[in-house]
Amino acid sequence: MSRIGKKAVPVPAGVTANIEGRTLSVKGPKGTLTLPLADEITYDVQQDGISVQPANDTKRARAFWGMQRTLVQNLVTGVTTGFSKKLLITGVGYRAAAQGKTLKLQLGYSHDVNIDVPEGLEVKTPDNTTVEISGADKQKVGQLAAEIRRWRKPEPYKGKGIKYDGEFIFRKEGKKK
């Protein structure tokens with residue numbers, strides 16, 4: 001039994017959810033998000049919330065149960081409050097600047113790295129070593145943060161690179177004579 005799956009997803013005021021065919025759409029103040037529904041799961045939209053139950057007693061249905069409930073929860077949270085990730089850039093000469101729908105990074109390469117910001121996401125740079133990504137879709141926010149981080153992962157000796165806010169970088173001691 002899934003402990004997460006048993007609980008219905010509460011739908012706050014100002015948010016509407018409806019099922020059309022095999023798609024769940026949730027509309028709120030931050031936009032509209034959709035989720036393709038799994039065949040092994042039954043979904044029920046009521047006034048108090050959205051309940052997710054396995055359609056049968058197969059192992060696959062029980063495995064999908066908690067995950068599908070979490071995906072529905074992410075839709076509701078995304079259209080109400082949204083999601084955000086914060087990246088910190090460490091290193092001499094490493095900088096970031098948001099210019100419209102493009103993020104310009106200087107990461108020690110011979111060229112600048114320009115990253116296009118996908119539709120529905122917002123990128124801010126409060127200072128030149130901090131990048132804040134926010135949006136309604138949790139998957140898109142995390143994917144963009146991972147793509148930015150991939151350009152210069154933090155290295156363990158000096159700690160230079162791009163890391164998530166709150167991430168611990170295990171530091172190593174250098175060579176000794």
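- Using cut-offs of 30° and 60° for the angle between ring planes, the His111 and Tyr109 rings count as parallel.
- Contact check for Pro118 versus Leu144: side-chain heavy atoms found under the 4.5 Å cut-off.
- The two residues Phe64 and Ala38 make their nearest non-hydrogen contact at CD2-CB, 3.8 Å.
- Here Gln53 pairs with nothing under the side chain to side chain donor-acceptor pair (under 3.5 Å) rule; sequence neighbours left out.
- In this structure, the side chains of Thr16 and Val26 stay at 4.5 Å or more apart for every pair of heavy atoms.
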Report task. Apply the test side chain to side chain contact (heavy atoms under 4.5 Å, CB included) to residues Arg152 and Val113: give CA-CA distance (whole Å), side-chain angles for both, the deciding distance (0.1 Å), then the verdict. Result -> CA-CA 11 Å; Arg152 192 66 90 175; Val113 176; over 6 Å; no
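- Not counting sequence neighbours, the partners of Thr34 by the side-chain contact (heavy atoms from CB on, under 4.5 Å) test are Thr23, Ser25.
- Cluster annotation: Met67 and Leu24 are assigned to the same hydrophobic cluster (Ile/Leu/Val/Met/Phe/Trp/Tyr, side-chain heavy-atom contacts under 4.5 Å, transitive).
- Screening residues 27-50 for salt bridge (Lys or Arg N to Asp or Glu O under 4.0 Å) gives Arg22-Asp39, Glu40-Arg60 as the qualifying pairs, with residues at least two apart or on separate chains.
- When the side chains of ILVMFWY residues are joined at heavy-atom separations under 4.5 Å, either directly or via intervening members, Leu87 and Ile169 end up in two distinct hydrophobic clusters.
- Residue Gln46 qualifies as enclosed at atom CD: its count of foreign heavy atoms under 6.0 Å is above 12.
- Under a 4.5 Å side-chain heavy-atom criterion applied to ILVMFWY residues, the cluster that includes Tyr157 comprises that residue alone.
- In this view, Gln143 and Glu147 satisfy the side chain to side chain donor-acceptor pair (under 3.5 Å) rule, not counting sequence neighbours.
- Between atom CG of residue Leu35 and atom CG of residue Leu75 there is a gap of 5.0 Å, rounded to the nearest 0.5 Å.
- With values rounded to the nearest 0.5 angstrom, Asn74 atom CG is found 4.5 Å from Phe83 atom CZ.
- Applying the salt bridge (charged side-chain N to carboxylate O under 4.0 Å, His left out) test to Glu167 and every residue at least two apart in sequence or in another chain returns Arg149.
- When all heavy atoms of Ala55 and Thr42 are compared, the closest pair comes out as CB-CG2, 3.8 Å.
- Taking 4.5 Å as the limit, every side-chain heavy atom of Thr90 sits out of range of all side-chain heavy atoms of Thr129.
- Contact check for Ile133 versus Ile148: side-chain heavy atoms found under the 4.5 Å cut-off.
- Residues satisfying the side chain to side chain donor-acceptor pair (under 3.5 Å) criterion with Thr58, sequence neighbours excluded, are Asn56.
- Within 6.0 Å of atom NZ in Lys124, 12 or fewer heavy atoms from other residues, nucleotides or ligands are found, so the atom counts as exposed in its surroundings.
- Scanning all heavy atoms of the two residues, the minimum distance from Gly135 to Val141 falls at N-CG2, 3.7 Å.
- Taking 4.5 Å as the limit, every side-chain heavy atom of Val45 sits out of range of all side-chain heavy atoms of Asn18.
- With sequence neighbours excluded, the residues satisfying side-chain contact (heavy atoms from CB on, under 4.5 Å) with Pro126 are Thr130, Glu132.
- Side-chain atoms of Ile4 and Thr70, non-hydrogen and from C-beta on, do get closer than 4.5 Å to each other.
- Each salt bridge (Lys or Arg N to Asp or Glu O under 4.0 Å) pair with one or both residues in residues 79-97, not counting sequence neighbours, would appear here, but there are none.
- Remark: the backbone N or O of Leu71 is not paired with any side-chain donor or acceptor of Gln68 at under 3.5 angstrom.
- Rounded to the nearest 0.5 Å, atoms OG (Ser84) and CD (Glu122) are 10.5 Å apart.
- Among residue pairs with one or both ends in residues 103-112, those qualifying as salt bridge (Lys or Arg N to Asp or Glu O under 4.0 Å) are Lys104-Asp112; sequence neighbours excluded.
- In terms of heavy atoms, Gly14 sits closest to Pro29 at O-CD, 4.1 Å.
- Minimum heavy-atom separation, Ala96 to Val131: CB-CG2, 3.7 Å.
- With sequence neighbours left out, the side chain to side chain donor-acceptor pair (under 3.5 Å) criterion links Glu173 to Lys176.
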Requested in this report: Go through the steps to decide whether Asp127 and Thr125 satisfy the test side chain to side chain contact (heavy atoms under 4.5 Å, CB included), and finish with yes or no.
Outcome: CA-CA 5 Å; Asp127 56 36; Thr125 51; over 6 Å; no
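- Side-chain contact between Leu88 and Ile162 is absent, with no heavy atoms from C-beta onward closer than 4.5 Å.
- With a 4.5 Å cut-off on side-chain heavy atoms, Trp151 and Ile115 count as touching.
- Under the side-chain contact (heavy atoms from CB on, under 4.5 Å) criterion, Pro12 pairs with Val15, Val76, Thr80, sequence neighbours left out.
- Minimum interatomic distance between Tyr94 and Ile89 (heavy atoms only, all atoms of both residues): CB-CG2, 3.4 Å.
- Few gaps surround CD1 on Ile19; more than 12 heavy atoms of other groups in view lie less than 6.0 Å from it.
- Put simply, the side chain of Arg69 never gets that close to the backbone of Val52: no donor and acceptor are under 3.5 Å apart.
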